[in-house]
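Fair warning: this is a prediction, and the values are worked out from it, not measured in the lab. These values consider heavy atoms only, across backbone and side chains, with no hydrogens, waters or symmetry-generated copies. For ligands, and for the atoms within them, numbers begin at 1 and follow the listed sequence.
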Amino acid sequence: MRIAVIGSGSVGTGLTKSWSKLGHSIAIGSRSPGSGRIVGLVTEIGSGIEAATVAESAVGADIIVLAVPWSAAEVSIEALGDLTNRIIIDATNPFVKGLNLEIGHTDSGGEQVAKWATGAHVVKALNIVDARLLDGKKLNNREITIPICGNDPEAKKIVANLITELGFDVIDAGKLEVSRLLEPLCLLMVKLSMKKTLGNEIGFRVLRD
Ligand SMILES: NC(=O)c1ccc[n+]([C@@H]2O[C@H](COP(=O)([O-])OP(=O)(O)OC[C@H]3O[C@@H](n4cnc5c(N)ncnc54)[C@H](OP(=O)(O)O)[C@@H]3O)[C@@H](O)[C@H]2O)c1
């Protein structure tokens, strides 16, 4: 698949490395695709990768991944242009200063992204996994669970396959509105990961028979 990854930070780099190893072609959508840092990143990761402006990266992409800080989500979506019928993975969390959620209870970042990205099929996913584990690392011999949600069943199926390929355990949590629950769950994970006793590598797993 051709995947546009918007943002070249921890999440963008982690996903780019892992999906490119699986043979997907990645365009990193960056504010500065010609910078030394991004050119170095593309060289380091190797074939199947290119860097482009945010708008160019999405041209011909099957999937667009939003991996930018919440404060940059709206402007990044605007830069992507017409998103009608495009599939967007929203990996962001609407965090604001002091590790708080900007939106919650009656709205969510995922739903807000869908409002900004008019006509797109938004799937909330990958927002509750530490970027350092995006190679699908197993914890205690078990895959980390990645809950996803969205309103378009076909888009969710495509996204679920891409995330399963990474080595995760995907659960369809329902409609996009479930982002209201998935975003606070990330906050819990961040707070737990700050407890030194738990170590750096933690993730959630839904146990079942
Ligand atoms: N870190 C995690 O473990 C983790 C896990 C799950 C979800 N998330 C969520 O995923 C999103 C990205 O997290 P991250 O840790 O990858 O962030 P990050 O390391 O800070 O990287 C974000 C990237 O977004 C791009 N960007 C665009 N506009 C920006 C702006 N105004 N200010 C700063 N960067 C801007 C930058 O790439 P260019 O310079 O190339 O444009 C930057 O490298 C966040 O919403 C976060 O909550 C993070």
Asker: Please give me the minimum heavy-atom distance between P147 and I128, naming the atom from each residue.
Answerer: CG-CD1, 4.1 Å

Asker: Would a 4.5 Å heavy-atom cut-off, applied to side chains only, mark S179 and C149 as touching?
Answerer: yes

Asker: In this structure, which one of L188, L181, L187 forms a side chain to side chain contact (heavy atoms under 4.5 Å, CB included) with L185?
Answerer: L188

Asker: If you group Ile, Leu, Val, Met, Phe, Trp and Tyr by side-chain heavy-atom gaps below 4.5 Å, do L176 and V159 land in one group?
Answerer: no

Asker: Do D90 and K124 sit within salt-bridge range, that is, some charged N less than 4.0 Å from a carboxylate O?
Answerer: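 Salt bridge: yes.
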
Asker: Please work out, at 4.0 Å between heavy atoms, whether the side chain, the backbone, both, or neither of L126 comes within that distance of ligand 1.
Answerer: backbone

Asker: Are the side chains of H105 and R180 in contact, using a 4.5 Å heavy-atom criterion?
Answerer: no

Asker: Using protein heavy atoms only, decide if any is under 4.0 Å from atom 24 (O) of ligand 1.
Answerer: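 Given the 4.0 Å limit, the answer for atom 24 (O) of ligand 1 is yes, a protein heavy atom qualifies.
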
Asker: What residue and atom, counting heavy atoms only, is the protein's closest point to atom 10 (O) of ligand 1, and at what distance?
Answerer: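 So the nearest neighbour among protein heavy atoms is A91 O, 3.4 Å.
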
Asker: Would you indicate whether the side-chain heavy atoms of E111 and I103 approach each other to under 4.5 Å?
Answerer: no

Asker: Under 4.0 Å from a heavy atom of A72: give me the atoms of ligand 1 that qualify, with their elements.
Answerer: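 In order of numbering, the contacting atoms are 28 (N), 29 (C), 30 (C), 31 (N).
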
Asker: Please state which protein non-hydrogen atom is closest to atom 19 (O) of ligand 1 and give its distance, to 0.1 Å?
Answerer: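 It is S10 N, 3.0 Å.
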
Asker: Can you pull out the closest protein heavy atom to atom 22 (C) of ligand 1? Residue, atom name and distance to 0.1 Å, please.
Answerer: P69 CD, 3.6 Å

Asker: Side chain, backbone, both or neither: which part of A131 comes within less than 4.0 Å of ligand 1 when only heavy atoms are counted?
Answerer: both

Asker: Are the side chains of F204 and D169 in touch, meaning some heavy atoms are under 4.5 Å apart?
Answerer: no

Asker: Is there a heavy atom in V75 that sits closer than 4.0 Å to ligand 1?
Answerer: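 For ligand 1, residue contact (heavy atoms, under 4.0 Å) with V75 is absent.
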
Asker: Run down the list I6, I128, V11, V68 and name the one with the heavy atom closest to atom 44 (C) of ligand 1.
Answerer: V68

Asker: Please write down residue, atom name and distance for the protein heavy atom closest to atom 42 (C) of ligand 1.
Answerer: G9 N, 4.0 Å

Asker: May I ask whether R37 places a heavy atom under 4.0 Å from ligand 1?
Answerer: yes

Asker: Answer with side chain, backbone, both or neither: which part of N127 has a heavy atom less than 4.0 angstrom from an atom of ligand 1?
Answerer: backbone

Asker: Which pair of heavy atoms, one from I6 and one from S76, lies closest together, and at what distance?
Answerer: CG2-CB, 4.3 Å

Asker: Within ligand 1, which atoms have a heavy atom of G7 less than 4.0 Å away?
Answerer: 23 (C), 24 (O), 25 (C), 37 (O)

Asker: Would you say I38 touches ligand 1, if touching means a heavy atom closer than 4.0 Å?
Answerer: yes

Asker: Quick test of your reading of the structure: of R31, R132, E183, whose heavy atom lies closest to atom 34 (N) of ligand 1?
Answerer: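 Checking each option, the heavy atom nearest atom 34 (N) of ligand 1 is found in R31.
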
Asker: Run the numbers for me: atoms of ligand 1, each under 4.0 Å from some heavy atom of S30, listed by number.
Answerer: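 Answer, ordered by atom number: 38 (P), 40 (O), 41 (O).
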
Asker: Looking only at heavy atoms, is any part of S8 under 4.0 Å from ligand 1, and if so is it the side chain, the backbone, or both, or is it neither?
Answerer: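 For S8, backbone and side-chain atoms both sit under 4.0 Å from ligand 1.
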
Asker: Looking at D135 and K17, is there a salt bridge between them, counting it only when a charged N and a carboxylate O are closer than 4.0 Å?
Answerer: no

Asker: Tell me: protein heavy atom nearest atom 46 (C) of ligand 1, and distance?
Answerer: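 Looking only at protein heavy atoms, the one closest to atom 46 (C) of ligand 1 is N93 N, 4.2 Å.
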
Asker: Write out the residue and atom name of the closest protein heavy atom to atom 5 (C) of ligand 1, then the distance separating them to 0.1 Å.
Answerer: V129 O, 3.0 Å

Asker: Find out whether N85 and H121 are in side-chain contact, i.e. whether some heavy atom of one side chain is under 4.5 Å from a heavy atom of the other.
Answerer: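 The answer is yes; the side chains approach within 4.5 Å.
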
Asker: Does a sphere of radius 6.0 Å around NZ in K115 hold more than 12 heavy atoms from other residues, nucleotides or ligands, not counting ones at 6.0 Å or beyond?
Answerer: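 Check passes, neighbour count above 12.
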
